[in-house]
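Quantities reported herein were computed from a predicted structural model and do not represent experimental measurements. Just the heavy atoms: all of them, side chains too, but no hydrogens, waters or symmetry mates, feed the values below.
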Amino acid sequence: MTAKRFTALIVLVAAERVLELVVSKRNLKWSIAQGGKEFGSGHYPVMVALHSALLVGSVLEARGRRPRPVLGGIMVAVVVAAQALRWWCITTLGRQWNTRVVVVPGATRVVDGPYRVLPHPNYVAVVTEGVALPLAGGAWFTAVVFTVANAALLRARIRVENEALQGLT
């Protein structure tokens with residue numbers, strides 16, 4: 001994958017993230033109007049910074065790299081699969097999906113779609129993308145650093161989410 005194509009991939013992923021934020025903002029407004037309560041807001045700025053750093057770090061590191069075409073192609077396919085899983089999660093959760101941890105009192109816990117199989121399938125998509133996206137451009141260092149930092153963040157995030165969801169039936 002050329003540097004130009006890799007940059008285009010990063011731009012597409014960034015555009016997808018902006019779309020996520022639009023959906024999230026709409027859902028947050030709805031959740032708050034329904035009496036929703038946010039949990040663990042302290043880690044949110046760290047999450048935004050880390051995910052932004054993934055995109056920027058990948059582009060910067062990949063500028064000096066020539067990834068192997070086969071590996072790059074496979075990683076692009078994995079990124080696309082991660083996006084599909086992410087949007088399956090978003091559509092399954094509907095208005096309850098948010099980039100923040102917000103729980104509406106009396107809401108029903110979603111156990112359909114990918115949530116039939118895994119309690120946190122969106123984080124499978126995040127972890128997968130965090131490895132595959134930088135590797136598509138040969139950005140090995142970014143993949144490793146993001147994965148380690150993201151593991152620490154997800155440990156805290158999943159704990160907050162699990163505690164917040166305990167009140168749902």
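Counting only heavy atoms from C-beta outward, the side chains of R157 and V101 approach each other to under 4.5 Å. When side chains are defined from C-beta on, V70 does not count as touching R68, because their heavy atoms never get closer than 4.5 Å. For the pair W97/V110, no side-chain contact is recorded, criterion being any heavy-atom separation below 4.5 Å from C-beta on. Contact of the Y123 side chain with the L118 side chain is not registered, since no non-hydrogen atoms from C-beta on lie closer than 4.5 Å. For the pair E38/N98, no side-chain contact is recorded, criterion being any heavy-atom separation below 4.5 Å from C-beta on. In this structure, the side chains of W87 and E16 come closer than 4.5 Å at one or more pairs of heavy atoms.
Exactly one of L54, V59, V56 qualifies for a side chain to side chain contact (heavy atoms under 4.5 Å, CB included) with I10. That residue is V59.
The two residues Q34 and P105 have their closest heavy-atom pair at O-CD, 4.1 Å. Contact between S58 and P134 at its shortest, heavy atoms only, is OG-CB, 3.4 Å. Residues A136 and V76 share a closest heavy-atom pair of CB-CG2, 4.0 Å. For the residue pair P114 and L85, the shortest heavy atom distance occurs at CB-CD1, 4.1 Å. Smallest separation of non-hydrogen atoms from A139 and A62: CB-N, 4.3 Å.
Both V13 and F6 are part of a single hydrophobic cluster, where members link through side-chain heavy atoms under 4.5 Å apart. Residue V78 is grouped with residue V131 when hydrophobic side chains (ILVMFWY) are merged at heavy-atom distances under 4.5 angstrom, including chains of intermediate members. Taken together through direct or relayed side-chain contacts under 4.5 Å among Ile, Leu, Val, Met, Phe, Trp and Tyr, L50 and W140 form parts of separate hydrophobic clusters. A single hydrophobic cluster is not seen to contain both V160 and V102; linkage of ILVMFWY side chains at heavy-atom distances under 4.5 Å, directly or through other members, places them apart. V104 and V23 are assigned to two separate hydrophobic clusters, defined by single-linkage of ILVMFWY side chains at heavy-atom distances under 4.5 Å.
Annotation for F141: atom CZ does not count as buried by contact number, only 12 or fewer foreign heavy atoms lying within 6.0 Å. For R95, the CZ atom is loosely surrounded, since the number of other residues' heavy atoms within 6.0 Å does not exceed 12.
Taken to the nearest 0.5 Å, the CG atom of L165 stands 7.0 Å off from the NE2 atom of H120. For the atom pair CZ (F146) and CG (L153), the distance works out to 8.0 Å, reported to the nearest 0.5 Å. Between the CG atom in N27 and the CD atom in E20 there is a gap of 11.5 Å [rounded to 0.5 Å]. Atoms CZ and OG1, on R86 and T128 in that order, are 9.5 Å from each other to the nearest 0.5 Å. Taking CG of N162 as the reference point, atom CD1 of I158 lies at 7.0 Å (rounded to 0.5 Å). Interatomic distance, L55 CG to T7 OG1, rounded to the nearest 0.5 Å: 11.5 Å.
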